[in-house]
Amino acid sequence: MTFPRLSSIAAVVMLTGLAVPAMAQDNKPEAPAMTAAEKETAKKIYFERCAGCHGVLRKGATGKNLEPHWTKTDKDGKKTEGGTLALGQSRLEKIIGYGTDGGMVNFDDILTKEELTLMAKYIQNTPDVPPEYSFKDTMDSWKLMVPVDKRPTKQMNKLNLKNVFSVTLRDTGEVALIDGDTKEIVSIVKTGYAVHISRLSASGRYVYVIGRDGRLSLIDLWMEKPSVVAELKIGFDARSVDTSKFKGFEDKYAIAGSYWPPQYVIMDGDTLKPRKVVGTRGMTVDGEYHPEPRVASIVASFIKPEWVVNIKETGQILLVDYSDIENLKTTTIASAKFLHDGGWDASKRYFLVAANASNKIAAVDTKTGKLAALVDTAKIPHPGRGANFVHPKFGPVWATGHLGADVVTLISTPSEDPKHKQFKQYNWKVVQEMKHVPGNLFVKTHPKSKHFWADAPQNPDKDLAESVAVWDMADLSKPKAILNVAKDSGLPETKAVKRAVHPEYSADGKEVWISLWGGKTDQSAIVVYDDATLKVKKVITDPKMITPTGKFNVYNTQHDIY
């Protein structure tokens, strides 16, 4: 038996009819009873699978608000205290199991039937507020496995470090370092759970990886077998890290942002020793206090000793000056909610970030320290880092895909190159919407490529979720090809959707690597395509390579090439 996918929690409420009068006091909704063991299990699942979109306190961001007034029913199974129709156990199980066309994936091939029931109960109960995490807690977590004076003074392996890929193995809490030339796994390193990103030091020697459990690991690529040399737990839930890249500060500092508690940590770049913890709770751009303003994306400016720190729930963008961290200076720029991920334009002067709940892209001019533009886009932009190229008609553009819309949006970006002066009239305007499908997470191109790639792992259609679209830069009116990565992998078909996710180029721009993310018990793979011919060059599989997701080429990540 199958059920239709549901567009959103709000849509479920709309579909069931008009709001009903508020309940009488003697019919106050009661949350489903749960044992202590059930709650602990559900908390773990919620943290690993749900908190990133819906928030630790369940107030929502990319995902909908999941506080009990939206979810739990009264004893007749109909109403909430707010007077609107509630979702209730049965509907919640269906939403969690079958997903929504607003970008939430189905969990019926990830969670058991019993776990689906458990999670529907859990989100009808009042959220627990996790503990705080102080500077002392941060310092106590610091581990320096290999001091700087005990590390190599030169590269001790024969790897072409420019073409090494740091690959997240989501469900095992590991990162696989893969040689991009030989396609062999060099090392599998134990890290935090579900590493969100890998970032490179300015020198290209160190890889910083941060897990969703707040565990930050520093990997030294110069060692004979690259390994973790320092660790730090910055909080209980995290997504972002970067280093200092301005001239004279290379590899000196690092910064990591926490989802819970809402704060960021500044530390020494080569040891991860904590130097300062800064909270981010405060007022939103709408003038309301928010208790959980999570630190989303962080990037390092190339033109100033500054980090661009995006605070999700408040819609505030912080420019943090690290030239004197003891007397920290911060510029606050109001944009829109909820800030998520983004990337540099081609000049690396402007940072563009998705305010996905507002359906906008905010552009910050890091030279002037001011907001350059707020650009309206289609529903739920999700750029990853985005992609830069020169459009044949509109000049330099930056691209974002969308979780909730069937397009890729191209935004004109400024250029100081005299040959681009005729395109100034288009700057900060949406100049084209390339036809795609909803459920896109990442778009990618390369300065040496003539192609543009976009995935759709969150799409409800199995074939589309397992495929990527490729456009020829000379004709962006429609995709040149739709590549079914799951079929191209040669792996046996399974019930679980093998989601094709995160195109990443090799350093020379000649290959594109796609993760094929299957179920926990299924064989996963990385499928490597020839960018010129769109033919498969290699399928990388290994029993130890479980649920690969993000892949970060050392050279491209070091220099912010996308």
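Position 1 is the first residue of the sequence; numbering continues from there. Note that the structure is predicted; figures quoted are calculated from it, not measured.
In this structure, a donor-acceptor pair under 3.5 Å is absent between the side chains of H402 and K379. When only modelled atom types and interatomic distance are considered, S415 and D417 share no side-chain donor-acceptor pair under 3.5 Å. Side-chain polar atoms of T314 and K337 form no donor-acceptor pair below 3.5 angstrom. Between the side chains of D455 and N440, a donor-acceptor pair is found at a separation under 3.5 Å. A donor and an acceptor atom, one from each side chain of S258 and Y264, are nowhere located under 3.5 Å apart. Side chain to side chain, T377 and N359 fail the donor-acceptor criterion of an N or O pair below 3.5 Å.
Put simply, the side chain of D242 gets close to the backbone of A300: a donor and an acceptor are under 3.5 Å apart. Here the side chain of Y208 pairs no donor or acceptor atom with the backbone of A256 at under 3.5 angstrom. Of the possible donor and acceptor atoms, none in the side chain of S358 sits under 3.5 Å from a partner among the backbone N and O of K360. Put simply, the side chain of T547 gets close to the backbone of D171: a donor and an acceptor are under 3.5 Å apart. At least one donor-acceptor pair closer than 3.5 Å links the side chain of S244 to the backbone N or O of F249. In this structure, T557 contributes its side chain and V554 its backbone to no donor-acceptor pair below 3.5 Å. Checked by atom type and distance alone, the side chain of W142 pairs as donor or acceptor with a backbone atom of T271 at under 3.5 Å.
Relative to the ring axis of Y259, R294 places its NZ or CZ within 45° and under 6.0 Å from the centre. Taking the centre and axis of the six-membered ring of W260, the NZ or CZ atom of R212 falls outside the cone set by 45° and 6.0 Å. Geometric assessment of R58 against the ring of Y122 yields a positive cation-pi assignment under the 6.0 Å and 45° thresholds.
Classification of the F394-H391 ring pair by plane angle, with boundaries at 30° and 60°, yields tilted. Using a 30° and 60° split on the angle between ring planes, W307 and Y322 fall in the tilted class, from 30° to 60°. Below 30°, between 30° and 60°, or above 60°: for H382 and F442 the angle between ring planes is above 60°, a perpendicular geometry.
K136 pairs by the side chain to side chain contact (heavy atoms under 4.5 Å, CB included) definition with S134, D140, not counting sequence neighbours. Here D270 pairs with nothing under the salt bridge (Lys or Arg N to Asp or Glu O under 4.0 Å) rule; sequence neighbours left out.
Note: C50 SG to F107 CZ = 5.5 Å, rounded to the nearest 0.5 Å.
Among the candidates D365, T413, T366, T368, the single residue satisfying the side-chain hydrogen bond (donor to acceptor under 3.5 Å, both in side chains) test with R349 is D365.
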* Would you please test F351 and W344 for ring-ring contact (aromatic ring centres under 6.0 Å, His included) and show each step? => CA-CA 5 Å; F351 181 73; W344 295 103; 5.7 Å; yes
* To do: List the steps, then state whether ring-ring contact (aromatic ring centres under 6.0 Å, His included) holds for W471 with F389.
  => CA-CA 12 Å; W471 286 260; F389 63 94; over 10 Å; no
* Criterion salt bridge (Lys or Arg N to Asp or Glu O under 4.0 Å) on K312 and E292, from CA distance to verdict -> CA-CA 9 Å; K312 184 184 286 280; E292 190 188 357; over 6 Å; no
* Verify salt bridge (Lys or Arg N to Asp or Glu O under 4.0 Å) between E313 and K59, making sure each step is shown before the conclusion. => CA-CA 10 Å; E313 277 74 13; K59 291 183 176 293; over 6 Å; no
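Shortest non-hydrogen contact noted between A238 and G214 is CB-CA, 3.7 Å. In plain terms, the two heavy atoms of P291 and P262 that are nearest each other are O-CG, 3.8 Å. Listed here is the closest heavy atom pair of P274 and L232: CG-CD1, 3.6 Å. Between D341 and S297, the closest heavy-atom pair is OD1-CB, 3.4 Å.
In this structure, K435 pairs ionically with D406, as a charged nitrogen and a carboxylate oxygen lie closer than 4.0 Å. Contact check on K276 versus D324 returns no salt bridge, with no Lys/Arg side-chain nitrogen under 4.0 Å from an Asp/Glu carboxylate oxygen.
When ring centroids are compared, F552 and F165 stay outside the 6.0 Å threshold.
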